[in-house]
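Beneath this line is the structure, given in C-alpha coordinates, with notes to follow.
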Amino acid sequence: MTPDGAPPLREAAHNRRRLLMERSRPGREGVTLPASDAPPQPMPDAAMLRDGLELPEVTEGEVVRYFTHLSQLNFSVDTNFYPLGSCTMKYNPKVNEAVAALPGFALAHPAQPERQVQGALEALFRLQTFLQEVSGLPAVSLAPLAGAQGELAGVLTLRAALEARGEGRRRKMLIPDTAHGTNPASAAMAGFQVVHVPSDSGGDIDLGAVRAEADGDIAGVMFTQPTTLGLFDRNALEMCRVVHEAGGLVYADGANMNALLGRAKLGQMGFDVVHMNLHKTFSTPHGGGGPGAGPICVSAELAPFLPGPVAVRRDDGSYGSETPARSIGRVGGAQGNFGVLIRALSYITLLGADGMLDVSGNAVLNANYLLAKLRPLYDLPFDRPVMHEVVFSARKRPGATALDVSKRLLDHGFHAPTMYFPLVVPEALMIEPTETESKETLDAFVEALHRIDAEAAADESFLHGAPYDAPVSRLDEARAARRPELRWREPEA
Ligand SMILES: Cc1ncc(COP(=O)(O)O)c(C=O)c1O
(Lines give C-alpha, C1' and ligand atoms only; values in the text may rest on other atoms or scores of the structure.)
Protein backbone atom coordinates (compact mmCIF):
# COMPACT_ATOMS: atom_id res chain seq x y z
CA MET A 1 0.00 0.00 0.00
CA THR A 2 1.08 3.56 -0.60
CA PRO A 3 1.08 6.00 2.38
CA ASP A 4 -2.38 7.39 1.49
CA GLY A 5 -3.78 3.88 1.46
CA ALA A 6 -4.04 3.62 -2.33
CA PRO A 7 -3.16 0.30 -3.95
CA PRO A 8 0.43 -0.14 -5.21
CA LEU A 9 1.28 1.45 -8.53
CA ARG A 10 1.09 -1.73 -10.53
CA GLU A 11 0.80 0.13 -13.82
CA ALA A 12 4.04 1.95 -13.15
CA ALA A 13 5.72 -1.38 -12.49
CA HIS A 14 4.24 -2.77 -15.68
CA ASN A 15 5.47 0.26 -17.59
CA ARG A 16 9.01 -0.35 -16.38
CA ARG A 17 8.83 -4.00 -17.39
CA ARG A 18 7.59 -3.44 -20.95
CA LEU A 19 9.43 -5.59 -23.46
CA LEU A 20 11.30 -4.00 -26.32
CA MET A 21 8.59 -4.88 -28.84
CA GLU A 22 5.99 -3.27 -26.58
CA ARG A 23 8.04 -0.08 -26.54
CA SER A 24 8.24 -0.01 -30.33
CA ARG A 25 6.61 2.88 -32.24
CA PRO A 26 6.85 3.25 -36.05
CA GLY A 27 9.61 5.58 -37.14
CA ARG A 28 11.59 5.75 -33.89
CA GLU A 29 15.28 5.12 -34.17
CA GLY A 30 18.00 4.52 -31.66
CA VAL A 31 21.06 4.33 -33.83
CA THR A 32 22.74 6.05 -36.74
CA LEU A 33 25.07 3.76 -38.58
CA PRO A 34 28.25 5.25 -40.04
CA ALA A 35 28.61 5.16 -43.81
CA SER A 36 29.92 1.78 -44.92
CA ASP A 37 33.62 1.74 -45.80
CA ALA A 38 33.32 -1.70 -47.46
CA PRO A 39 32.61 -2.13 -51.17
CA PRO A 40 28.92 -2.87 -51.85
CA GLN A 41 28.16 -6.58 -52.01
CA PRO A 42 25.61 -8.30 -54.21
CA MET A 43 22.40 -9.14 -52.32
CA PRO A 44 21.83 -12.81 -51.51
CA ASP A 45 19.34 -14.74 -53.55
CA ALA A 46 15.81 -13.37 -53.08
CA ALA A 47 14.67 -16.74 -51.72
CA MET A 48 17.05 -16.28 -48.80
CA LEU A 49 15.70 -12.86 -47.81
CA ARG A 50 12.88 -12.45 -45.33
CA ASP A 51 10.09 -10.03 -46.00
CA GLY A 52 8.56 -7.85 -43.32
CA LEU A 53 11.05 -8.73 -40.59
CA GLU A 54 9.56 -7.21 -37.48
CA LEU A 55 12.17 -5.37 -35.46
CA PRO A 56 11.49 -3.00 -32.60
CA GLU A 57 11.61 0.67 -33.51
CA VAL A 58 12.86 2.41 -30.40
CA THR A 59 14.88 5.39 -29.32
CA GLU A 60 18.27 5.02 -27.72
CA GLY A 61 16.79 6.08 -24.38
CA GLU A 62 14.20 3.30 -24.49
CA VAL A 63 16.88 0.74 -25.32
CA VAL A 64 19.05 1.92 -22.43
CA ARG A 65 16.12 1.80 -19.99
CA TYR A 66 15.06 -1.60 -21.21
CA PHE A 67 18.47 -3.22 -20.82
CA THR A 68 19.26 -1.43 -17.58
CA HIS A 69 15.98 -2.68 -16.16
CA LEU A 70 16.80 -6.21 -17.33
CA SER A 71 20.20 -5.99 -15.64
CA GLN A 72 18.49 -4.99 -12.40
CA LEU A 73 16.44 -8.17 -12.45
CA ASN A 74 19.62 -10.14 -11.81
CA PHE A 75 19.99 -11.23 -8.23
CA SER A 76 23.51 -11.43 -6.91
CA VAL A 77 25.55 -11.23 -3.72
CA ASP A 78 26.14 -7.60 -4.68
CA THR A 79 22.42 -6.85 -4.43
CA ASN A 80 21.30 -8.69 -1.30
CA PHE A 81 21.60 -11.68 1.03
CA TYR A 82 21.94 -14.97 -0.86
CA PRO A 83 21.63 -17.82 1.67
CA LEU A 84 21.74 -20.63 -0.90
CA GLY A 85 22.86 -23.57 1.24
CA SER A 86 25.91 -25.53 0.13
CA CYS A 87 26.70 -22.92 -2.54
CA THR A 88 28.48 -20.52 -0.15
CA MET A 89 27.39 -17.32 -1.84
CA LYS A 90 29.65 -15.05 0.18
CA TYR A 91 30.57 -11.50 -0.73
CA ASN A 92 33.44 -11.39 -3.22
CA PRO A 93 35.76 -8.48 -2.35
CA LYS A 94 36.42 -6.22 -5.31
CA VAL A 95 40.13 -6.16 -4.57
CA ASN A 96 40.24 -9.72 -5.94
CA GLU A 97 39.12 -8.34 -9.29
CA ALA A 98 41.80 -5.67 -9.25
CA VAL A 99 44.49 -8.25 -8.50
CA ALA A 100 43.29 -10.65 -11.22
CA ALA A 101 43.27 -7.73 -13.69
CA LEU A 102 46.96 -6.87 -13.12
CA PRO A 103 48.61 -7.16 -16.53
CA GLY A 104 51.13 -9.76 -15.31
CA PHE A 105 48.20 -12.05 -14.55
CA ALA A 106 45.54 -10.98 -17.02
CA LEU A 107 47.83 -10.89 -20.05
CA ALA A 108 49.92 -13.97 -19.28
CA HIS A 109 49.55 -16.74 -21.83
CA PRO A 110 49.83 -20.39 -20.80
CA ALA A 111 52.16 -21.13 -23.70
CA GLN A 112 54.68 -18.41 -22.75
CA PRO A 113 58.16 -19.61 -21.81
CA GLU A 114 58.43 -20.16 -18.05
CA ARG A 115 61.06 -17.46 -17.63
CA GLN A 116 58.55 -14.83 -18.83
CA VAL A 117 55.81 -15.83 -16.38
CA GLN A 118 57.73 -16.45 -13.17
CA GLY A 119 55.33 -14.28 -11.16
CA ALA A 120 52.26 -16.15 -12.39
CA LEU A 121 53.88 -19.52 -11.66
CA GLU A 122 54.95 -18.35 -8.23
CA ALA A 123 51.37 -17.31 -7.50
CA LEU A 124 50.17 -20.83 -8.41
CA PHE A 125 52.91 -22.40 -6.30
CA ARG A 126 51.96 -20.23 -3.33
CA LEU A 127 48.32 -21.21 -3.68
CA GLN A 128 49.28 -24.89 -3.79
CA THR A 129 51.40 -24.45 -0.66
CA PHE A 130 48.52 -22.77 1.12
CA LEU A 131 46.09 -25.54 0.17
CA GLN A 132 48.59 -28.15 1.41
CA GLU A 133 48.64 -26.35 4.72
CA VAL A 134 44.86 -26.06 4.96
CA SER A 135 44.16 -29.65 3.93
CA GLY A 136 47.04 -31.29 5.79
CA LEU A 137 47.95 -33.18 2.61
CA PRO A 138 51.35 -32.90 0.88
CA ALA A 139 50.50 -32.60 -2.85
CA VAL A 140 48.08 -30.42 -4.82
CA SER A 141 46.86 -30.04 -8.38
CA LEU A 142 45.09 -26.81 -9.27
CA ALA A 143 44.01 -28.16 -12.65
CA PRO A 144 40.32 -29.12 -12.10
CA LEU A 145 37.96 -26.44 -13.33
CA ALA A 146 35.04 -26.98 -10.91
CA GLY A 147 34.14 -28.85 -7.75
CA ALA A 148 32.50 -31.66 -9.69
CA GLN A 149 35.52 -31.93 -11.96
CA GLY A 150 37.77 -32.02 -8.90
CA GLU A 151 35.71 -34.95 -7.69
CA LEU A 152 36.15 -36.81 -10.95
CA ALA A 153 39.88 -36.04 -11.04
CA GLY A 154 40.12 -37.06 -7.37
CA VAL A 155 38.45 -40.44 -7.77
CA LEU A 156 40.42 -41.14 -10.96
CA THR A 157 43.60 -40.41 -8.97
CA LEU A 158 42.33 -42.71 -6.22
CA ARG A 159 41.62 -45.42 -8.80
CA ALA A 160 45.11 -45.04 -10.28
CA ALA A 161 46.63 -45.50 -6.81
CA LEU A 162 44.58 -48.66 -6.23
CA GLU A 163 45.69 -50.00 -9.61
CA ALA A 164 49.32 -49.27 -8.72
CA ARG A 165 48.83 -51.34 -5.57
CA GLY A 166 47.55 -54.16 -7.78
CA GLU A 167 44.08 -53.60 -6.32
CA GLY A 168 42.38 -52.25 -9.43
CA ARG A 169 39.63 -54.85 -9.15
CA ARG A 170 38.09 -52.97 -6.22
CA ARG A 171 34.86 -51.42 -7.47
CA LYS A 172 32.60 -50.37 -4.60
CA MET A 173 32.45 -46.68 -3.77
CA LEU A 174 30.38 -45.88 -0.70
CA ILE A 175 28.37 -42.65 -0.83
CA PRO A 176 26.31 -41.37 2.12
CA ASP A 177 22.64 -40.52 1.56
CA THR A 178 23.39 -36.86 2.34
CA ALA A 179 25.96 -36.51 -0.47
CA HIS A 180 25.81 -33.81 -3.09
CA GLY A 181 24.52 -35.30 -6.35
CA THR A 182 27.87 -34.76 -8.06
CA ASN A 183 29.52 -37.34 -5.75
CA PRO A 184 27.74 -40.46 -7.06
CA ALA A 185 27.92 -39.05 -10.59
CA SER A 186 31.72 -38.65 -10.35
CA ALA A 187 32.15 -42.12 -8.86
CA ALA A 188 30.05 -43.69 -11.61
CA MET A 189 31.93 -41.76 -14.32
CA ALA A 190 35.20 -43.07 -12.91
CA GLY A 191 33.89 -46.61 -13.30
CA PHE A 192 32.97 -47.34 -9.69
CA GLN A 193 29.84 -49.03 -8.47
CA VAL A 194 27.95 -46.60 -6.23
CA VAL A 195 26.78 -48.06 -2.92
CA HIS A 196 24.52 -45.79 -0.86
CA VAL A 197 25.13 -45.63 2.87
CA PRO A 198 22.45 -44.27 5.24
CA SER A 199 22.91 -41.72 8.01
CA ASP A 200 22.22 -42.80 11.57
CA SER A 201 19.58 -41.25 13.82
CA GLY A 202 21.99 -38.51 14.92
CA GLY A 203 22.74 -37.40 11.35
CA ASP A 204 26.20 -39.01 11.21
CA ILE A 205 27.24 -41.73 8.77
CA ASP A 206 25.94 -45.14 9.84
CA LEU A 207 29.10 -46.97 10.88
CA GLY A 208 27.30 -50.32 10.91
CA ALA A 209 26.49 -49.90 7.21
CA VAL A 210 30.10 -48.89 6.45
CA ARG A 211 31.44 -51.95 8.29
CA ALA A 212 29.01 -54.19 6.41
CA GLU A 213 30.41 -52.99 3.07
CA ALA A 214 34.08 -52.94 4.11
CA ASP A 215 35.25 -56.04 2.27
CA GLY A 216 37.82 -56.93 -0.38
CA ASP A 217 35.78 -55.16 -3.08
CA ILE A 218 35.66 -51.75 -1.42
CA ALA A 219 37.54 -49.07 -3.36
CA GLY A 220 36.67 -46.31 -0.96
CA VAL A 221 34.16 -43.81 0.30
CA MET A 222 33.31 -40.29 -0.88
CA PHE A 223 32.43 -38.26 2.13
CA THR A 224 31.58 -34.61 2.78
CA GLN A 225 32.92 -33.08 6.00
CA PRO A 226 31.14 -31.08 7.35
CA THR A 227 28.18 -32.83 5.78
CA THR A 228 25.47 -31.24 3.70
CA LEU A 229 23.34 -31.33 6.87
CA GLY A 230 25.74 -28.69 8.15
CA LEU A 231 27.00 -31.14 10.77
CA PHE A 232 30.50 -32.12 11.75
CA ASP A 233 30.26 -35.87 11.32
CA ARG A 234 31.40 -37.48 14.57
CA ASN A 235 31.94 -40.86 12.90
CA ALA A 236 34.31 -39.64 10.20
CA LEU A 237 37.52 -40.73 11.95
CA GLU A 238 36.25 -44.22 12.60
CA MET A 239 34.88 -44.43 9.06
CA CYS A 240 38.35 -43.58 7.66
CA ARG A 241 39.89 -46.25 9.88
CA VAL A 242 37.39 -48.94 8.83
CA VAL A 243 37.76 -48.20 5.11
CA HIS A 244 41.57 -48.11 5.31
CA GLU A 245 41.65 -51.35 7.24
CA ALA A 246 39.60 -52.98 4.48
CA GLY A 247 42.15 -51.72 1.90
CA GLY A 248 40.11 -48.81 0.51
CA LEU A 249 40.90 -45.11 0.19
CA VAL A 250 38.93 -42.18 1.54
CA TYR A 251 37.79 -39.18 -0.49
CA ALA A 252 36.71 -35.95 1.18
CA ASP A 253 34.41 -33.54 -0.57
CA GLY A 254 35.85 -30.35 0.92
CA ALA A 255 33.25 -28.04 -0.61
CA ASN A 256 32.25 -26.95 2.89
CA MET A 257 35.76 -26.00 3.87
CA ASN A 258 34.81 -22.53 5.05
CA ALA A 259 33.65 -24.15 8.30
CA LEU A 260 37.03 -25.74 8.97
CA LEU A 261 39.60 -23.18 7.82
CA GLY A 262 42.49 -22.95 10.24
CA ARG A 263 40.79 -25.27 12.75
CA ALA A 264 40.77 -28.82 11.41
CA LYS A 265 42.67 -30.54 8.60
CA LEU A 266 40.92 -33.24 6.61
CA GLY A 267 44.27 -34.90 5.84
CA GLN A 268 44.91 -35.34 9.56
CA MET A 269 41.49 -36.94 9.98
CA GLY A 270 42.59 -39.72 7.64
CA PHE A 271 41.31 -38.57 4.23
CA ASP A 272 43.53 -39.43 1.25
CA VAL A 273 42.05 -36.99 -1.29
CA VAL A 274 40.27 -33.69 -0.73
CA HIS A 275 38.78 -31.40 -3.33
CA MET A 276 38.08 -27.79 -2.46
CA ASN A 277 35.70 -25.42 -4.18
CA LEU A 278 37.86 -22.31 -4.36
CA HIS A 279 34.97 -20.39 -5.90
CA LYS A 280 33.00 -21.00 -2.72
CA THR A 281 35.49 -21.10 0.14
CA PHE A 282 37.81 -18.42 -1.16
CA SER A 283 35.30 -15.95 -2.56
CA THR A 284 35.35 -15.88 -6.31
CA PRO A 285 32.26 -15.08 -8.35
CA HIS A 286 30.28 -18.19 -9.23
CA GLY A 287 26.82 -19.43 -9.96
CA GLY A 288 24.88 -19.83 -13.14
CA GLY A 289 27.52 -22.22 -14.40
CA GLY A 290 30.20 -19.54 -14.09
CA PRO A 291 33.88 -20.34 -13.76
CA GLY A 292 35.10 -22.29 -10.78
CA ALA A 293 38.15 -24.11 -9.53
CA GLY A 294 38.18 -27.47 -7.76
CA PRO A 295 41.81 -28.22 -6.85
CA ILE A 296 42.58 -31.58 -5.31
CA CYS A 297 44.97 -32.22 -2.43
CA VAL A 298 46.29 -35.76 -1.99
CA SER A 299 48.44 -37.95 0.23
CA ALA A 300 52.01 -38.86 -0.75
CA GLU A 301 50.84 -42.19 -2.12
CA LEU A 302 48.49 -40.52 -4.59
CA ALA A 303 50.79 -37.61 -5.56
CA PRO A 304 52.39 -39.29 -8.63
CA PHE A 305 48.96 -39.68 -10.22
CA LEU A 306 47.75 -36.08 -9.90
CA PRO A 307 46.42 -34.38 -13.02
CA GLY A 308 48.92 -31.94 -14.52
CA PRO A 309 50.33 -29.47 -14.74
CA VAL A 310 51.47 -28.79 -11.18
CA ALA A 311 53.51 -25.70 -10.29
CA VAL A 312 56.97 -26.47 -8.90
CA ARG A 313 59.83 -24.52 -7.30
CA ARG A 314 63.13 -25.71 -8.66
CA ASP A 315 66.39 -25.96 -6.70
CA ASP A 316 67.63 -22.68 -8.22
CA GLY A 317 64.57 -20.88 -6.81
CA SER A 318 62.83 -20.51 -10.20
CA TYR A 319 59.27 -21.66 -10.80
CA GLY A 320 57.98 -24.02 -13.43
CA SER A 321 55.19 -26.43 -14.12
CA GLU A 322 55.45 -30.18 -14.46
CA THR A 323 53.21 -33.14 -14.97
CA PRO A 324 53.55 -35.78 -12.24
CA ALA A 325 55.27 -39.01 -13.28
CA ARG A 326 52.21 -41.27 -13.52
CA SER A 327 49.59 -38.57 -13.96
CA ILE A 328 46.01 -39.49 -14.84
CA GLY A 329 46.52 -36.82 -17.54
CA ARG A 330 44.97 -33.45 -18.12
CA VAL A 331 41.52 -32.43 -17.00
CA GLY A 332 41.45 -29.13 -18.89
CA GLY A 333 43.58 -26.76 -20.90
CA ALA A 334 46.53 -24.85 -19.52
CA GLN A 335 46.98 -24.23 -15.79
CA GLY A 336 43.41 -24.56 -14.56
CA ASN A 337 41.04 -21.63 -14.24
CA PHE A 338 43.85 -19.15 -13.75
CA GLY A 339 41.71 -16.05 -13.10
CA VAL A 340 39.75 -17.88 -10.39
CA LEU A 341 42.95 -19.21 -8.82
CA ILE A 342 44.40 -15.70 -8.64
CA ARG A 343 41.22 -14.30 -7.06
CA ALA A 344 41.32 -17.04 -4.42
CA LEU A 345 44.99 -16.33 -3.68
CA SER A 346 44.16 -12.65 -3.36
CA TYR A 347 41.46 -13.42 -0.75
CA ILE A 348 43.78 -15.73 1.17
CA THR A 349 46.66 -13.24 1.13
CA LEU A 350 44.38 -10.39 2.12
CA LEU A 351 43.06 -12.24 5.17
CA GLY A 352 46.18 -14.10 6.25
CA ALA A 353 46.23 -16.91 8.79
CA ASP A 354 44.27 -15.01 11.45
CA GLY A 355 41.70 -14.03 8.86
CA MET A 356 41.13 -17.70 8.03
CA LEU A 357 40.15 -18.27 11.64
CA ASP A 358 37.72 -15.37 11.36
CA VAL A 359 36.22 -16.91 8.21
CA SER A 360 35.49 -20.26 9.85
CA GLY A 361 34.54 -18.70 13.18
CA ASN A 362 32.04 -16.28 11.69
CA ALA A 363 30.63 -18.80 9.19
CA VAL A 364 29.81 -21.13 12.08
CA LEU A 365 28.62 -18.35 14.38
CA ASN A 366 26.25 -16.95 11.74
CA ALA A 367 24.76 -20.36 10.98
CA ASN A 368 24.16 -21.05 14.66
CA TYR A 369 22.65 -17.58 15.13
CA LEU A 370 20.10 -18.38 12.41
CA LEU A 371 19.49 -21.79 13.98
CA ALA A 372 18.65 -20.14 17.30
CA LYS A 373 16.44 -17.43 15.77
CA LEU A 374 14.52 -19.69 13.39
CA ARG A 375 14.00 -22.82 15.43
CA PRO A 376 10.60 -21.62 16.73
CA LEU A 377 9.36 -21.59 13.11
CA TYR A 378 10.63 -24.88 11.72
CA ASP A 379 11.51 -28.43 12.67
CA LEU A 380 15.19 -29.09 13.24
CA PRO A 381 15.75 -32.72 12.22
CA PHE A 382 19.07 -33.06 14.03
CA ASP A 383 19.05 -31.00 17.17
CA ARG A 384 22.69 -30.08 17.70
CA PRO A 385 24.98 -27.16 16.92
CA VAL A 386 25.76 -26.77 13.24
CA MET A 387 28.81 -25.78 11.28
CA HIS A 388 28.52 -23.43 8.26
CA GLU A 389 24.84 -24.02 7.41
CA VAL A 390 21.61 -25.13 9.01
CA VAL A 391 19.00 -27.43 7.51
CA PHE A 392 15.42 -27.04 8.72
CA SER A 393 12.32 -28.90 7.73
CA ALA A 394 9.34 -26.74 6.75
CA ARG A 395 6.83 -29.49 7.35
CA LYS A 396 5.26 -27.91 10.45
CA ARG A 397 2.85 -25.53 8.75
CA PRO A 398 0.85 -26.88 5.78
CA GLY A 399 0.45 -23.44 4.20
CA ALA A 400 4.19 -22.85 4.21
CA THR A 401 6.05 -25.58 2.36
CA ALA A 402 9.75 -25.13 1.60
CA LEU A 403 8.76 -23.97 -1.89
CA ASP A 404 6.17 -21.48 -0.57
CA VAL A 405 8.59 -19.95 1.92
CA SER A 406 11.36 -19.72 -0.68
CA LYS A 407 9.09 -18.07 -3.25
CA ARG A 408 7.77 -15.54 -0.75
CA LEU A 409 11.31 -14.62 0.31
CA LEU A 410 11.82 -13.27 -3.21
CA ASP A 411 9.11 -10.65 -2.51
CA HIS A 412 11.19 -9.58 0.49
CA GLY A 413 14.26 -9.12 -1.71
CA PHE A 414 16.16 -12.17 -0.42
CA HIS A 415 17.41 -15.04 -2.52
CA ALA A 416 15.77 -18.33 -1.61
CA PRO A 417 17.70 -20.91 0.41
CA THR A 418 18.43 -24.28 -1.16
CA MET A 419 15.23 -26.37 -1.03
CA TYR A 420 14.52 -30.08 -0.88
CA PHE A 421 18.19 -30.96 -0.37
CA PRO A 422 19.67 -32.91 1.35
CA LEU A 423 17.15 -35.55 0.38
CA VAL A 424 17.04 -37.12 3.85
CA VAL A 425 15.18 -34.09 5.25
CA PRO A 426 11.55 -33.68 4.15
CA GLU A 427 10.67 -30.13 3.06
CA ALA A 428 14.30 -29.16 3.54
CA LEU A 429 15.35 -25.53 3.77
CA MET A 430 19.13 -25.41 3.68
CA ILE A 431 20.33 -22.01 4.81
CA GLU A 432 23.95 -20.90 4.56
CA PRO A 433 24.56 -17.35 5.77
CA THR A 434 28.35 -17.37 5.19
CA GLU A 435 30.77 -15.31 7.24
CA THR A 436 30.41 -12.12 5.22
CA GLU A 437 26.92 -11.17 6.41
CA SER A 438 26.29 -8.69 9.19
CA LYS A 439 24.00 -9.25 12.17
CA GLU A 440 21.65 -6.59 10.74
CA THR A 441 21.24 -8.54 7.50
CA LEU A 442 20.66 -11.79 9.36
CA ASP A 443 18.08 -10.06 11.58
CA ALA A 444 16.25 -8.67 8.54
CA PHE A 445 16.16 -12.17 7.06
CA VAL A 446 14.85 -13.65 10.29
CA GLU A 447 12.17 -10.97 10.47
CA ALA A 448 11.09 -11.71 6.89
CA LEU A 449 10.74 -15.41 7.71
CA HIS A 450 8.69 -14.62 10.82
CA ARG A 451 6.40 -12.38 8.76
CA ILE A 452 6.05 -15.08 6.13
CA ASP A 453 5.11 -17.58 8.80
CA ALA A 454 2.48 -15.20 10.16
CA GLU A 455 1.03 -14.79 6.66
CA ALA A 456 0.68 -18.54 6.34
CA ALA A 457 -0.88 -18.77 9.79
CA ALA A 458 -3.47 -16.12 8.84
CA ASP A 459 -4.32 -17.62 5.44
CA GLU A 460 -3.27 -21.13 4.57
CA SER A 461 -3.43 -20.54 0.82
CA PHE A 462 -1.70 -17.14 0.69
CA LEU A 463 1.88 -18.34 0.21
CA HIS A 464 0.90 -20.75 -2.55
CA GLY A 465 0.57 -17.72 -4.87
CA ALA A 466 3.95 -16.18 -4.05
CA PRO A 467 5.96 -14.47 -5.34
CA TYR A 468 3.56 -11.59 -5.87
CA ASP A 469 6.12 -8.97 -6.77
CA ALA A 470 8.40 -10.76 -9.22
CA PRO A 471 8.26 -10.39 -13.02
CA VAL A 472 7.28 -14.05 -13.29
CA SER A 473 5.70 -16.12 -10.57
CA ARG A 474 5.49 -19.91 -10.39
CA LEU A 475 7.07 -21.43 -13.46
CA ASP A 476 7.19 -24.95 -14.71
CA GLU A 477 10.85 -24.87 -13.72
CA ALA A 478 11.97 -27.96 -15.61
CA ARG A 479 10.33 -26.68 -18.78
CA ALA A 480 11.65 -23.17 -18.26
CA ALA A 481 15.18 -24.56 -18.04
CA ARG A 482 14.90 -27.05 -20.88
CA ARG A 483 12.56 -25.32 -23.30
CA PRO A 484 12.81 -21.63 -22.50
CA GLU A 485 10.61 -19.35 -24.59
CA LEU A 486 13.00 -16.62 -25.60
CA ARG A 487 11.14 -15.09 -28.55
CA TRP A 488 8.70 -12.25 -28.29
CA ARG A 489 5.17 -13.07 -29.44
CA GLU A 490 2.33 -10.78 -30.21
CA PRO A 491 -0.02 -11.01 -27.20
CA GLU A 492 -3.17 -12.91 -28.05
CA ALA A 493 -6.17 -10.58 -28.48
C1 LIG B 1 29.00 -30.42 -1.17
C2 LIG B 1 29.27 -30.10 -2.60
N3 LIG B 1 30.02 -30.92 -3.34
C4 LIG B 1 30.29 -30.66 -4.63
C5 LIG B 1 29.80 -29.56 -5.27
C6 LIG B 1 30.08 -29.36 -6.73
O7 LIG B 1 30.83 -28.23 -6.98
P8 LIG B 1 30.72 -27.44 -8.36
O9 LIG B 1 29.36 -26.80 -8.39
O10 LIG B 1 31.83 -26.47 -8.35
O11 LIG B 1 30.87 -28.43 -9.48
C12 LIG B 1 29.00 -28.66 -4.54
C13 LIG B 1 28.45 -27.45 -5.20
O14 LIG B 1 27.71 -26.69 -4.67
C15 LIG B 1 28.72 -28.94 -3.19
O16 LIG B 1 27.97 -28.12 -2.46
Side-chain angles (χ1 to χ4, degrees), residues 77 82-90 92 131 135 141-156 173-190 194 199 203 205 221-233 236 250-261 266 271 273-297 307 331-332 336-337 339-341 343-344 363 367 386-391 415-425 428-434:
V77 276
Y82 203 139
L84 194 65
S86 204
C87 292
T88 317
M89 303 303 287
K90 65 173 69 167
N92 304 148
L131 296 179
S135 66
S141 167
L142 301 174
L145 305 170
Q149 209 200 16
E151 291 172 27
L152 179 62
V155 282
L156 286 173
M173 185 62 77
L174 312 192
I175 314 254
D177 54 5
T178 49
H180 194 264
T182 48
N183 288 189
S186 304
M189 281 179 78
V194 173
S199 306
I205 191 163
V221 56
M222 283 184 89
F223 190 77
T224 310
Q225 178 77 310
T227 68
T228 61
L229 289 168
L231 302 175
F232 187 88
D233 194 296
V250 199
Y251 183 100
D253 178 326
N256 298 332
M257 198 66 194
N258 55 326
L260 300 182
L261 283 178
L266 291 167
F271 291 95
V273 195
V274 176
H275 95 260
M276 287 188 215
N277 287 37
L278 296 195
H279 45 294
K280 293 166 56 170
T281 308
F282 300 111
S283 91
T284 78
H286 63 289
I296 52 175
C297 312
V331 292
N337 241 336
V340 175
L341 301 175
R343 284 172 178 81
V386 293
M387 300 292 285
H388 61 297
E389 64 198 357
V390 52
V391 181
H415 197 281
T418 298
M419 305 172 291
Y420 301 100
F421 177 75
L423 303 177
V424 292
V425 175
L429 280 175
M430 184 196 217
I431 304 173
E432 180 175 13
T434 81

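Everything quoted here is computed from the prediction, not taken from an experiment. In listed order, ligands and their atoms are each counted from 1.
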Note down each nitrogen or oxygen pair, ligand 1 side and protein side, whose separation is under 3.5 Å; give only atom names and the distance to 0.1 Å.
| unit_1 | atom_1 | unit_2 | atom_2 | d |
| --- | --- | --- | --- | --- |
| ligand 1 | 3 (N) | Asp253 | OD1 | 3.3 |
| ligand 1 | 3 (N) | Asp253 | OD2 | 2.6 |
| ligand 1 | 7 (O) | Asn277 | ND2 | 2.9 |
| ligand 1 | 10 (O) | Gly147 | N | 2.8 |
| ligand 1 | 10 (O) | Asn277 | ND2 | 3.3 |
| ligand 1 | 10 (O) | His279 | NE2 | 2.7 |
| ligand 1 | 11 (O) | Gly147 | N | 3.4 |
| ligand 1 | 11 (O) | Ala148 | N | 2.8 |
| ligand 1 | 14 (O) | Lys280 | NZ | 3.4 |
| ligand 1 | 16 (O) | Ser86 | O | 3.2 |
| ligand 1 | 16 (O) | Ser86 | OG | 2.5 |
| ligand 1 | 16 (O) | Lys280 | NZ | 2.9 |

### Message
Could you check whether Asn258 and Thr281, counting side-chain N and O atoms only, form a donor-acceptor pair closer than 3.5 Å?
### Response
no

### Message
Just by distance, no angles: are the side chains of Thr88 and Glu432 close enough, under 3.5 Å, to form a donor-acceptor pair?
### Response
yes

### Task
Please state whether the rings of His180 and Phe421 are parallel, tilted or perpendicular, taking 30° and 60° as the class boundaries.
perpendicular

### Task
Give a yes-or-no answer on whether the side chains of Gln225 and Asn256 include a donor-acceptor pair shorter than 3.5 Å.
no

### Query
Which word best sums up how the rings of Tyr251 and His275 line up, parallel for under 30°, tilted for 30 to 60°, or perpendicular for over 60°?
tilted

### Task
Check the pair Asp253, Asn183 against side chain to side chain contact (heavy atoms under 4.5 Å, CB included), reporting the backbone distance first and the verdict last.
CA-CA 8 Å; Asp253 178 326; Asn183 288 189; 3.1 Å; yes

